[in-house]
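Report on one structure; see the data block that follows.
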Amino acid sequence: MTEAAAPTPAKGEETPFRYTAQMAEEIELKWQGRWEKGQAFRALNPGEAGFDAARPKFYCLDMFPYPSGAGLHVGHPEGYTATDIICRLRRMQGFNVLHPLGWDAFGLPAEQYALQTGVHPAITTKKAIDTFRNQLKRFGFSYDWSRELATIDPDYYRWTQWIWLQCYGAYFDEATARARPISELEFVLARDNNEVELPQGDGRRRWRDCTPQQQQSWLDARRLAYLGEQTVNWCPQLGTVLANEEVINGRSERGGFPVSRLPLRQWMFRITAYADRLLADLQLVDWPVSTRAMQEEWIGRSEGALVQFEVHGPAGSAGDLAVYTRRPDTLFGATYMVLAPEHPLVVQMIANPAAGVDVAALRAYVEAARNRSEVDRQAESVIKTGAATGWMARNPATGALIPIWVADYVLMGYGTGAIMAVPGHDQRDFDFAQAFSLPVVQVVDVAGQEWTGDAATPGEGRAINSASAELSLDGLPTAQAKARIIEWLQKKVIGQAQVQYRLRDWLFSRQRYWGEPMPVAFDEAGIHHPVDEAALPVRLPELADFKPVESATPVPPLSKARQWVETTAGAAGICVGRIPPDAVMHRETNTMPNWAGSCWYYLRYCAPACADRFVDSRAERYWMAGRGVDLYVGGSEHAVLHLLYARFWHKVLFDLGHVSTVEPFGKLFHQGLITSFAYTRQDGSLVPVDEVDEAAPGFVERATGKPVARTVAKMSKSLRNVVNPDDVIAQYGADAFRLYEMYMGPLEASKPWNPRDIPGVFRFLQRLWRLLIDERTGQPLLAREADPRLERLLHRTVAKVAHDIDRLAFNTAIAALIEMVNEATRPFDLTDAGAGGLTRDQALRLVSAAAPFAPHIAEELWGRLGGTGLVAHASWPAVDAAMLVDEKVEIAVQVLGKVKLRLQVSAADAADVARLEAAALAHPEVIALLAGRVPKKAIAVPGRLINLVV
RNA sequence: GCGCCAGUAGCUCAGUUGGCUAGAGCACACCCCUGAGACGGGUGAGGUCGAAGGUUCGAUUCCUUUCUGGCGCACCA
């Protein structure tokens with residue numbers, strides 16, 4: 001803390017009832033105790049005694065906190081204060097409010113902390129939760145603590161596992177675009193004996209002619225949770241594989257460690273099946289535009305065509321190669337093809353080299369590309385590298401044979417992992433063609449971009465040089481050329497229109513200890529079997545040595561729990577009735593990622609104690625009614641990760657009939673980051689925040705008196721600018737803390753923590769107190785008669801506060817309260833004992849309006865003023881609409897847009913254009929002002945002004 | 001490079017469909033209170049509303065360009 005003035009405790013006998021930090025603490029602890037004892041914020045579910053179905057519901061959710069060993073920082077209470085304020089207002093407005101909190105407690109950070117300290121994560125995590133809970137309770141947040149839950153509770157994660165099993169037991173029905181139980185699919189196939197496509201090019205076969213193994217693997221390949229061979233992101237430093245969403249610029253989102261690519265068989269979620277709905281349903285939610293845009297970009301829908309190219313190897317025709325292109329209209333300009341180094345065809349090309357090709361170089365290139373980390377690959381992205389394969393492909397439009405190359409600028413994970421290269425109209429292809437002297441042809445005439453052959457023209461235009469005996473695109477604008485060629489490709493059965501997404505399936509396996517075990521096991525043949533619902537939860541085994549296994553490849557630590565891993569079908573609870581109970585099984589040793597628990601916690605809050613279902617249906621239908629969670633507040637860092645995953649799970653649960661809404665979070669809001677000032681000496685070294693003084697023009701280091709520069713940065717230990725909320729509360733109280741964080745600026749804005757501003761809001765609380773309470777006696781100070789001006793202002797203040805809270809503009813609501821208190825303080829003399837500025841009724845309404853922000857001082861004032869019950873349960877003061885408009889309105893008179901004078905006009909005259917104009921022009925002052933000039937035109941704005949043009 | 005958001009007093013921010021002399025808190029100066037100080041109260045100074053064009057009777061507000069900062073995406077064919 002700086003030297004900023006701390007409130008002095010009341011001295012002597014003069015003002016023993018002064019609002020000081022000490023009194024704030026006493027008041028706050030007193031009311032927190034009473035709220036807790038009286039379960040003041042307990043939300044009742046439908047069916048419970050006392051539940052009032054006539055009230056509207058309001059489900060307000062904070063993003064799941066991840067309790068770290070370091071405890072709370074000032075960023076946490078920002079969003080929590082905001083939701084607390086709106087929840088308190090809604091209760092006073094008569095809503096049934098659901099406002100729960102729990103803990104996201106599995107995952108890497110907790111495990112890493114445990115590794116550092118050498119203490120088991122079960123212990124460190126519980127301790128961190130206790131610390132967080134204690135700290136949060138000191139803020140006086142109105143959570144329904146009876147609904148508290150943690151993802152590490154077996155009673156919770158049994159249902160996380162259950163949801164995974166739902167996905168395992170479901171497939172995506174393309175016809176209806178929704179998930180359905182895979183047993184339905186199996187039933188229909190058996191009944192109708194349909195023909196199915198077998199994997200690995202085994203052709204098509206009738207269902208009943210398939211072996212049981214073929215049937216099983218066909219079904220397994222369609223599950224929403226499936227075991228897939230994929231190139232995954234392997235992070236050796238974290239000791240686990242990561243989802244695409246967790247990798248940023250080739251480094252891990254958490255920790256910033258390099259990530260390499262590795263083919264691996266892992267559990268996946270078929271989130272790509274939902275790409276279309278995840279995209280389309282963004283229209284249904286009230287979310288920040290930036291967040292919706294991020295999800296749209298992440299899903300990355302693109303329209304184009306799939307085109308088959310005939311491949312020619314040394315032994316002649318070698319099947320077809322499919323490519324995806326957004327610009328099928330440029331097919332005539334495809335002069336070569338490129339495969340990703342991981343493309344399966346590359347293996348064949350190396351095994352059967354074409355004559356005259358340097359196979360060693362090709363093999364070396366593919367090897368190098370595989371071993372290169374993503375970071376390296378991107379760092380070198382400017383320079384195109386590649387190797388010729390010697391194999392050729394036939395361009396179906398021109399009939400020409402074009403060479404096939406391998407290059408790492410083509411990614412295996414997008415489209416088919418192969419492209420047709422059109423160097424004339426794609427910059428990347430052009431760069432590559434330049435590097436390897438490949439032909440470039442122009443097939444589109446782009447307006448405004450002259451064709452020189454020195455650069456690609458990637459825009460749209462009219463097709464040229466695009467004609468064959470069968471087909472001509474020449475002269476067609478791009479859109480029509482696309483349609484024409486797709487039609488032709490379709491007729492020839494060598495292509496069709498295709499929608500492609502950037503989104504990939506979600507990698508769900510983690511090689512870590514501290515996570516939910518997957519409810520699945522493998523038999524001796526390596527076939528996987530789900531654990532029966534009745535046998536859940538699959539408990540995480542106690543493991544003394546939970547360190548990740550040192551290895552170049554992923555090895556889950558759970559594999560060390562031999563006795564747990566090696567089990568029988570009976571012990572593991574697998575397929576009771578279909579498999580002998582003594583059959584040998586080994587459990588899945590990968591665990592679920594951190595995201596699993598946070599994908600559905602908002603549902604569990606509706607009925608956290610429900611024992612026979614993941615959520616009680618009636619409770620879910622009540623609290624999620626309408627558009628789900630009514631307000632969800634949290635940081636924007638989860639814009640694509642958590643928020644995309646949770647939407648996906650929710651949609652699956654919806655499809656399977658387990659939840660009642662399509663989207664989980666109707667309205668979303670991101671609070672801004674709280675930054676902090678940091679001070680640097682002229683040589684760039686850092687000065688701790690508490691060793692700096694403000695000097696006349698700038699800031700100086702206290703010890704030396706030398707000037708230092710102030711910057712704004714994220715709070716971090718290294719910058720020595722971290723603020724501990726406990727210290728602030730000790731110095732000013734929780735009400736002042738809450739008020740300060742809300743007054744700093746708009747909730748969504750990033751803003752610096754400035755300790756110098758805290759005394760300002762503390763003084764406001766003191767003024768509020770002193771306005772209503774005699775500091776010498778502790779008795780209320782009340783006016784005998786209501787001042788009509790203050791009455792009017794009070795109505796306005798109450799209306800503005802409610803309106804501003806609705807739009808989450810807490811800073812302006814507080815400003816209105818400050819103005820109200822300042823106005824009410826002015827007219828009365830502090831020395832006149834017993835006489836205040838507001839009547840008891842007015843005072844109670846003012847206290848009500850302040851209660852959402854500073855609930856403790858409000859309860860105390862409410863009690864001292866003789867309010868009944870708790871102000872937290874009081875009704876929000878009624879606003880008389882008539883009090884919001886003035887009887888007399890001040891109208892500005894402008895001449896040519898410049899204000900010359902102002903008139904008092906009756907509200908009725910001011911509201912009507914014609915009457916306003918007449919009243920103004922007839923006014924002696926206006927006549928004097930015009931001095932004979934005749935206005936050519938008068939522009940009247942009702943209630944505001946009149947502008948005269950002369 | 002592309003997209004989104006933001007630039008208002010020394011600092012942090014208000015300014016709700018274009019309209020009144022652009023406001024608040026902190027900081028600053030002065031005055032009152034006091035033996036003196038702290039607390040408190042009062043008064044005041046401080047802004048070409050990032051820049052340049054345009055639309056309009058009138059622009060901080062709308063449009064275009066540009067500068068600066070933040071965030072996101074980035075070899076996705």
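Residue numbers start from 1 in every chain, and the chains themselves are labelled A, B, ... in the order their sequence lines are given, proteins ahead of strands.
Taking side-chain N and O atoms only, A:R763 has no distance below 4.0 Å to OP1 or OP2 of B:rG41.
Computed from coordinates, the A:H638 NE2 to B:rC71 P distance equals 17 Å when rounded to whole Å. The distance from atom CG of A:L641 to atom C1' of B:rC73 is 14 Å, rounded to the nearest whole Å. Atom OH of A:Y19 and atom P of B:rG40 are 14 Å apart (whole Å).
Residue contacts for A:R502: at a heavy-atom cut-off of 4.0 Å it reaches a base atom on one of the strands shown.
Residues satisfying the salt bridge (Lys or Arg N to Asp or Glu O under 4.0 Å) criterion with A:D505, sequence neighbours excluded, are absent altogether.
Aromatic rings of A:Y19 and A:F762 (six-membered ring for Trp) have centroids within the 6.0 Å cut-off, being under it. Taking the six-membered ring for Trp and the full ring otherwise, A:F432 and A:Y336 have centroids separated by under 6.0 Å.
Between B:rC13 and B:rA77, the distance separating the two C1' atoms is 46 Å to the nearest Å. When the P atom is used for both B:rG23 and B:rU48, the distance is 15 Å, rounded to whole Å.
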Listing, residues 419-426 of chain A side-chain donor-acceptor contacts under 3.5 Å, not counting sequence neighbours, or none:
unit_1: A:H425; atom_1: ND1; unit_2: A:T457; atom_2: O; d: 2.9
unit_1: A:H425; atom_1: ND1; unit_2: A:T457; atom_2: OG1; d: 3.0
unit_1: A:H425; atom_1: NE2; unit_2: A:V443; atom_2: N; d: 2.9
unit_1: A:H425; atom_1: NE2; unit_2: A:V444; atom_2: N; d: 3.1
unit_1: A:D426; atom_1: OD1; unit_2: A:R428; atom_2: N; d: 2.9
unit_1: A:D426; atom_1: OD1; unit_2: A:R428; atom_2: NE; d: 3.0
unit_1: A:D426; atom_1: OD1; unit_2: A:D429; atom_2: N; d: 3.0
unit_1: A:D426; atom_1: OD2; unit_2: A:R428; atom_2: NE; d: 3.4
unit_1: A:D426; atom_1: OD2; unit_2: A:R428; atom_2: NH2; d: 2.4

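Nucleotides of RNA chain B nearest to A:M744 and A:A815 differ in position, and the one nearer the 5' end is that of A:M744.
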